[in-house]
Amino acid sequence: TPGAIQLDVHLSDTDAGTALRSDVTRGLAASPKELPPKWFYDARGSELFERITELPEYYPFRTERALLTDSVDDIARSSGADTVVELGSGSSTKTRLLLDAFARAGTLRRYVPQDVSESALRGAIDELHRDYPELELHGVVGDFTRDLDRLPGAEPGGKRMIAFLGGTIGNLMPGPRHDFLRHVRSVLRPGEQLLLGTGLATDPAVMVPAYDDAAGVTAEFNRNVLHVLNRELDATFDVEAFDHVAVWDAENSWIEMRLRATRDMRVRIADLDLDVAFAAGEELATEISAKFTPATVDAFAAAAGFATTRRWVDPDARFALTLLTA
Ligand code: AVJ
């Protein structure tokens, strides 16, 4: 129905609380200790990420936006989808680039934004409804690694393109990345598509500063996960006693962010009835951001059952947009 609006909520606070507790219990018992990056993004973390996208060193955001600007009409014509699904739809400028191009291509009927933040999604849908009154909007609040089954199906005779931008696939380890792509493939019908944004491996002198900026915004973003644990789990992390670390792991082709304890510490996590010891210099792994080559993208996509249809790369070969077909 043109202009209709729907919002499905598949994520409750209790789900999130259960997931946080199990991630923290598992991650702090592991050796080396680790925490998944999804817990960076409370309100403050999301605001810090916004500031990261404006940093001179953080090239991935700008590079993808410029690449999308240049290639989006080509993408829309190559795709022909009538439904654009956007996973983690935070970035509104990229959304509008996509919607305008698919509208120009004459195929667009429906936009399905998915995000973990209900408030962000409500705000985005209100604005989009004002600016695209004819467009059907169907928001899905949920976790993209879990709630893909709940995405609305294809319209009769139509096809969907799922956009997963920002290079966020690089935040998944190879095992979870494969499982995620298999899952995406399993909810698509043959001929439906995935538009995937991926960072490409480039000079470490370019990549490392992007994750270790001079102004220290990424350091604050990294440490924010400890604030989240203090607040949500009644923990006692001395946040300022952890240093931000970003290293390029050439063997795995990923940037790894860690938090390094600057002294011996004992941390109480009251909600888990857990006491955790950190030795001076001990590192807690908080995020990987994998960087690929066109060939490695094709390989992991093929392993999940996708064929590469088209690819667009920026002039400095730092970022790729790949249109994959199920
Ligand atoms: C969420 C994938 C866009 O890995 O580049 C930015 C997250 N972490 N700085 C990335 C992030 C540190 C970012 N993405």
Side-chain angles (χ1 to χ4, degrees), residues 34-68 86-95 114-117 120 143-145 163-174 176-177 180-181 194-204 206-228 242-249 252-260 283-292 296-297 300 314 316 318-322:
E34 60 181 27
L35 289 172
K38 67 190 260 199
W39 304 114
F40 285 139
Y41 299 93
D42 65 346
R44 179 167 181 267
S46 299
E47 197 205 298
L48 286 165
F49 179 68
E50 290 285 310
R51 284 175 54 198
I52 287 173
T53 65
E54 289 155 17
L55 292 168
E57 297 96 331
Y58 191 73
Y59 66 90
F61 182 85
R62 270 179 274 117
T63 306
E64 186 188 49
R65 190 179 52 194
L67 178 60
L68 193 60
E86 191 178 7
L87 302 182
S89 58
S91 55
S92 52
T93 52
K94 289 173 191 171
T95 297
Q114 175 279 338
D115 205 273
V116 281
S117 167
D143 177 340
F144 66 75
T145 60
F164 190 40
L165 302 178
T168 304
I169 189 135
N171 295 147
L172 297 174
M173 287 282 193
R177 178 178 73 222
F180 165 73
L181 286 169
L194 173 65
L195 178 68
L196 191 63
T198 51
L200 298 177
T202 184
D203 187 347
V206 171
M207 293 186 287
V208 173
Y211 294 84
D212 193 6
D213 61 280
V217 181
T218 307
E220 273 310 297
F221 174 74
N222 194 8
R223 280 191 284 261
N224 188 57
V225 74
L226 302 181
H227 285 299
V228 170
F242 286 83
D243 282 344
H244 170 67
V245 178
V247 292
W248 169 243
D249 178 339
N252 287 308
S253 195
W254 65 48
I255 295 279
E256 189 166 321
M257 296 206 316
R258 305 173 189 148
L259 289 166
R260 182 187 292 145
E283 290 178 339
L284 166 67
T286 52
E287 185 184 66
I288 62 156
S289 192
K291 308 300 174 192
F292 302 97
T296 58
V297 172
F300 73 62
D314 71 287
D316 296 322
R318 292 175 179 179
F319 208 94
L321 290 165
T322 306

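Start at 1 and go down the list; that is how both ligands and their atoms are numbered.
Scanning all protein heavy atoms for the shortest distance to atom 11 (C) of ligand 1 gives Glu287 OE1, 3.6 Å. Nearest non-hydrogen protein atom to atom 3 (C) of ligand 1 is Gly166 O, 3.3 Å. When hydrogens are left out, the protein atom nearest atom 13 (C) of ligand 1 is Tyr58 OH, 3.3 Å; that is the closest non-hydrogen contact. For atom 14 (N) of ligand 1, the closest heavy atom belonging to the protein is Asn171 OD1, 3.7 Å.
Set against the non-hydrogen atoms of Tyr41, the atoms of ligand 1 under 4.0 Å away are 1 (C), 7 (C). If you number the atoms of ligand 1 from 1 as listed, the ones under 4.0 Å from a heavy atom of Gly167 come out as 2 (C). Heavy-atom proximity to Thr168, at under 4.0 Å, picks out these atoms of ligand 1: 1 (C), 2 (C). When each atom of ligand 1 is checked for a heavy atom of Phe49 under 4.0 Å away, the hits are 3 (C), 6 (C), 7 (C), 13 (C). When each atom of ligand 1 is checked for a heavy atom of Phe221 under 4.0 Å away, the hits are 8 (N), 12 (C). If you number the atoms of ligand 1 from 1 as listed, the ones under 4.0 Å from a heavy atom of Tyr211 come out as 4 (O), 5 (O), 6 (C), 8 (N), 9 (N), 10 (C), 12 (C).
Annotation for Glu256 and Ala285: closest pair OE2-CB, 3.7 Å, computed over non-hydrogen atoms. Pairing each heavy atom of Phe319 with each of Leu67, the nearest pair is O-CD2, 3.6 Å. What you find for Tyr58 and Thr53 is that their closest heavy atoms are CD2-CA, 4.0 Å. In terms of heavy-atom proximity, Pro204 sits nearest to Pro209 at O-CD, 3.7 Å.
Taking any N or O of Thr218, backbone or side chain, none lies under 3.5 Å from an N or O belonging to ligand 1. Remark: ligand 1 and Lys291 share no N or O pair separated by less than 3.5 Å (distance only, no angle test). Where the criterion is an N or O separation shorter than 3.5 Å, residue side chain and backbone included, Ser289 meets it with respect to ligand 1.
There is a side-chain donor-acceptor pair under 3.5 Å between Thr286 and Asn222. When only modelled atom types and interatomic distance are considered, Tyr211 and Ser289 share a side-chain donor-acceptor pair under 3.5 Å.
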Carefully, step by step, assess Gln114 and Ser89 under the rule side chain to side chain donor-acceptor pair (under 3.5 Å).
-> CA-CA 6 Å; Gln114 175 279 338; Ser89 58; over 6 Å; no
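Residue contact check for ligand 1: Gly170 places no non-hydrogen atom closer than 4.0 Å to it. Heavy-atom separations between Tyr59 and ligand 1 are all 4.0 Å or longer.
Relative orientation of the Phe49 and Tyr41 rings is perpendicular, given thresholds of 30° and 60° on the angle between their planes.
Ring centers of Phe180 and Phe144: under 6.0 Å apart, within the cut-off.
Phe242 does not carry Arg260 over the face of its six-membered ring by the limits of under 6.0 Å from the centre and within 45° of the normal.
Looking at Phe40 against ligand 1, nothing comes within 4.0 Å, counting heavy atoms. Under 4.0 Å from ligand 1, not a single heavy atom of Trp254 appears.
For CZ of Arg62, the number of neighbouring non-hydrogen atoms (other residues, nucleotides, ligands) closer than 6.0 Å is greater than 12.
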